[in-house]
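Below you will find the structure I want to go over with you.
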2 protein chains.
Amino acid sequence: MKGIKRLAQDLNISIGTVSRALNGKSDVSQETRARVMEAAAAMGYVPNQAGRSLRKGNTNAIGFIYEGEVGTTGHGDTFFLGVFSGVQDVLSRHHLDLVVLPCPRDDDPTEHVRRIMARRMVDGLIVSATRRKDSRIELLNRAGIPFVALGRSSTPGTYPWLDLDFAGVAGQATDRMVAAGHRRIAVAVPSNDVNLGFVYLEGYKQALARHGIAFDPELVLRVASSEEGGYQAGHELLSMDNRPTAVLLIYELMAIGLYRRLNEAGVRPGRDVAVVGFRESSLSRFLSPTLTSYRISLRSVGVMLAEALLASMPDYAEHYPMGLVHRVLPLELVEGESDTTFVSAAGRRERDP
Amino acid sequence: MKGIKRLAQDLNISIGTVSRALNGKSDVSQETRARVMEAAAAMGYVPNQAGRSLRKGNTNAIGFIYEGEVGTTGHGDTFFLGVFSGVQDVLSRHHLDLVVLPCPRDDDPTEHVRRIMARRMVDGLIVSATRRKDSRIELLNRAGIPFVALGRSSTPGTYPWLDLDFAGVAGQATDRMVAAGHRRIAVAVPSNDVNLGFVYLEGYKQALARHGIAFDPELVLRVASSEEGGYQAGHELLSMDNRPTAVLLIYELMAIGLYRRLNEAGVRPGRDVAVVGFRESSLSRFLSPTLTSYRISLRSVGVMLAEALLASMPDYAEHYPMGLVHRVLPLELVEGESDTTFVSAAGRRERDP
DNA sequence: GCAGGTCCCGTAAACGTTTACGACGATAAG
DNA sequence: CTTATCGTCGTAAACGTTTACGGGACCTGC
């Protein structure tokens, strides 16, 4: 005999009472509750999840959907572990498990979500790398499964989402470059249709418009969000006849490849070309020149994602009275040498034409 | 009405027959089997996992235990996503899910495993970052839960494990350095008691012994496996009175910090100091100088981990007739500039003392 | 015509929980 | 003393599946 039945037998109590005692229901005396708790602790009793799920219709698990393929997410491969960590911090407080559900690379993302839903293996979902028009969101909306999106989408519906302020950051970075005297500013964005690339480009365009600079499509470098992509971006940069004097990277890791390509060509990053990147890690300050970048704590992103999700789930909403979360998270500027050195150089160039 | 019952009702068949048809049991006619299959596909029936788990006593899920904290694993934070990807590739073929179970950072790892086992939420486990003496393994061994360890451990028991050949790699790298004329070779290993650090150091020591070079404990740099740790290693290196001419890094990412620290001091990596690192990513070849490193496909590590685990699980062993896996995976040398340039420099130094 | 075998299929129990419902005793109110 | 109220607890059904068991229909060979 196992589980709650064993516990009940040992204590000469009915299993119903044991269950009520463990779940903190009101109709059980203080004394028996104490006895049950003690006995449960003694035998290391942990409720069987399958039995509970079957009866209650939930699973005590939250799914995290991402795409395992490097470079397709617009983040590269170091992004998610930090986020997982934050998500798990919150979930563990509620005895919820994190189920990571990478979309197999030969599978259609929409079909992936459909299967997950059908199996009813999670109570809620975190879906990342949202596309500009995302049929997964449509699907989840119709199904009524609680979920939160990391990254906005133009797909309508009342669901919580979080996003990094890539528009703002692209705008600020552009402002910063313009203020330093740059006129031709290149921008490296993911080559796929992930939404953040679009958002990022918008911020860049609007900033250009503010400063009366015409948008030149040639300056948009569509590459992978990796070292490789950075190298590629450097390559394209160097091959332009009217070479840009600054370049914005959407992902920090790209700086490694970009630096290399520029150095190969004898072009010094931070001096001949200003570089700005995004995303947290200690990487930026160990590059040479140190990278000016916009930082955000990935763990905190994970924490907020989890909180936004729980806030939208009836069973947990009381702990997270934040309603429907639509939040754009700001990033923090960390000045490095990769563009500040250039400021004077650009200034000089401006001063004596 | 839902699930299999609904299906049975629609077809005027008993639910038992429907279940048998779906599960490919023998005692069901070809005709009814076809009808059931068709109807199931039509209504998009997917068996309820909770019901099935309760009855069968399994969960169709595999857990992956790792420690979320950056720097404590000996790998840093980009390691696992690649491995996950490979694991998932194999699991999805068997309709198994991957449940990622990061050990909360304020939690005891052993207690973490104990809880997971008690909840019976997975059919098998992959446990990473094994310690030299690992009580988690002891626990799992006693409980008889199928698991595979990534990284050997001195804890006894008959369980499958995989390991990267850090001993061999440290030995080869040392040989290589000695052949290039180096005598004082520093080595950077994780500051915690993760087993691979120990293994790595052993390979290094044995290689030294082969060449008749005395082991100098001062040359062992115990730092975090991160950019930061690399910087720290560089710092310690520079502060030595009799400075080593070569340094082995256990983790590629450390090279970034090391390079920076050396450059700050006007010491050129690859020329004044030879550097060798480990682990796959495109990082190595985008550093300057390109890093000589030992490479392995993380995805393939994941694939092998999953296969080794399934081979030890009765229900899946038939597909993976490999028995109990004890395998040390070799890494492949990728020559870069970070030590080859030095070969001649060291040679010169050797030649005219 | 009868024993034995084969092929399908239905019945019902079981997995471990939660929870609606009712029962019991004790106490309080009338 | 009766009746209502309250606090506590046991009973049993339900969640969706799988599977051991048995039974009916049909065929075979004597």
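Per chain, numbering begins at 1; letters A, B, ... match sequence-line order.
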**Request:** Taking the side chain as every heavy atom from C-beta outward, state whether B:Val113 and B:Phe147 have any atom pair closer than 4.5 Å.
**Result:**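 When only atoms from C-beta onward are counted, B:Phe147 and B:Val113 do not touch, as no gap falls below 4.5 Å.
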**Prompt:** Quick one: does A:Thr130's side chain get under 4.5 Å of A:Leu150's, heavy atoms only?
**Reply:**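 No, their side chains stay 4.5 Å or more apart.
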**Rounded interatomic separation in angstrom, taking NZ from B:Lys25 and C1' from C:dC7** =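 The distance from NZ of B:Lys25 to C1' of C:dC7 comes to 17 Å, rounded to the nearest Å.
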**Message:** Are the side chains of B:Phe64 and A:Val100 in contact, using a 4.5 Å heavy-atom criterion?
**Reply:**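 Sidechains of B:Phe64 and A:Val100: no contact.
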For residues 309-326 of chain A, tabulate all N or O donor-acceptor pairs below 3.5 Å that involve a side-chain atom, not counting sequence neighbours.
residue  : atom : partner  : partner atom : Å
A:Ser312 : OG   : A:Leu309 : O            : 2.7
A:Tyr320 : OH   : A:His94  : NE2          : 2.7
A:His326 : NE2  : A:Tyr159 : O            : 2.9

**Request:** Go through the structure and list residues passing side-chain contact (heavy atoms from CB on, under 4.5 Å) with A:Ala143, not counting sequence neighbours.
**Result:**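 Applying side-chain contact (heavy atoms from CB on, under 4.5 Å) to A:Ala143 gives A:Met117, A:Ile145.
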Result block: side-chain N/O donor-acceptor pairs under 3.5 angstrom for residues 35-55 of chain A, not counting sequence neighbours:
residue : atom : partner  : partner atom : Å
A:Arg35 : NH2  : A:Leu11  : O            : 3.0
A:Asn48 : OD1  : A:Ala50  : N            : 2.7
A:Asn48 : OD1  : A:Gly51  : N            : 2.8
A:Gln49 : OE1  : B:Arg119 : NH2          : 3.1
A:Gln49 : NE2  : A:Ser53  : OG           : 2.9
A:Gln49 : NE2  : A:Thr59  : O            : 3.2
A:Ser53 : OG   : A:Gln49  : O            : 2.8
A:Ser53 : OG   : A:Asn58  : O            : 2.8

**Request:** Compute whether any side-chain donor of one residue and acceptor of the other, for B:Arg136 and B:Thr110, lie under 3.5 angstrom apart.
**Result:**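 Short answer, no.
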**Request:** Would you mind telling me which of C:dT17, D:dG16, D:dT17 lies closest to the side-chain atoms of B:Arg52?
**Result:**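 Looking only at side-chain atoms, B:Arg52 lies closest to D:dT17.
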**Chi angles and distances behind the salt bridge (charged side-chain N to carboxylate O under 4.0 Å, His left out) call for A:Lys25, A:Asp27** = CA-CA 6 Å; A:Lys25 303 289 180 180; A:Asp27 52 352; over 6 Å; no
**Angle between terminal axes - the helix from C:dG1-D:dC30 to C:dG30-D:dC1, 5 pairs each end, rounded to 10°** =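 Comparing the first five pairs with the last five, the axes sit 60° apart.
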**Request:** Return no unless some side-chain N or O of B:Tyr45 is found under 4.0 Å from OP1 or OP2 of D:dT17.
**Result:**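 For D:dT17, OP1 or OP2 has a side-chain N or O of B:Tyr45 closer than 4.0 Å.
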**Asked** Are A:Asp97 and A:Leu91 side-chain neighbours, meaning at least one heavy-atom pair lies under 4.5 Å?
**Response**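 In short, these two side chains do not touch, never coming nearer than 4.5 Å.
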**salt_bridge(A:Arg327, A:Asp163) N-O dist < 4.0 Å** =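 No salt bridge links A:Arg327 with A:Asp163.
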Distances under 3.5 Å between nitrogen or oxygen atoms of protein and nucleotides 8-15 of chain D:
residue : atom : partner : partner atom : Å
D:dC9   : OP2  : A:Ser29 : N            : 3.0
D:dC9   : OP2  : A:Ser29 : OG           : 3.4
D:dC9   : OP2  : A:Thr32 : OG1          : 2.9
D:dC9   : N4   : A:Asp27 : OD2          : 3.3
D:dG10  : OP2  : A:Ser14 : N            : 2.8
D:dG10  : OP2  : A:Ser14 : OG           : 2.9
D:dG10  : OP2  : A:Thr17 : OG1          : 2.7
D:dG10  : N7   : A:Arg20 : NH2          : 3.0
D:dG10  : O6   : A:Arg20 : NH1          : 2.9
D:dG10  : O6   : A:Arg20 : NH2          : 3.4
D:dA14  : N3   : A:Arg55 : NH1          : 3.4
D:dC15  : O2   : A:Arg55 : N            : 3.1

**Request:** Please test A:Asp108 against A:Arg114 for salt bridge (charged side-chain N to carboxylate O under 4.0 Å, His left out), starting from the C-alpha separation and ending with a verdict.
**Result:** CA-CA 10 Å; A:Asp108 174 44; A:Arg114 199 188 304 276; over 6 Å; no
**Message:** Just the rounded figure in Å: distance from P of C:dC9 to CG of B:Leu11.
**Reply:**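 Rounding to the nearest Å, CG of B:Leu11 and P of C:dC9 are 12 Å apart.
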Atom pairs, N/O to N/O, protein against nucleotides 23-28 of chain C, distance under 3.5 Å?
none

**Asked** Just how far, in rounded Å, is C1' of C:dG16 from CG of A:Leu22?
**Response**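 Taking atom C1' of C:dG16 as the reference, CG of A:Leu22 is at 13 Å.
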**Message:** Below the 4.0 Å mark, does C:dT17 have OP1 or OP2 next to a side-chain nitrogen or oxygen of A:Ser19?
**Reply:**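 For C:dT17, OP1/OP2 do not have a side-chain N/O of A:Ser19 under 4.0 Å.
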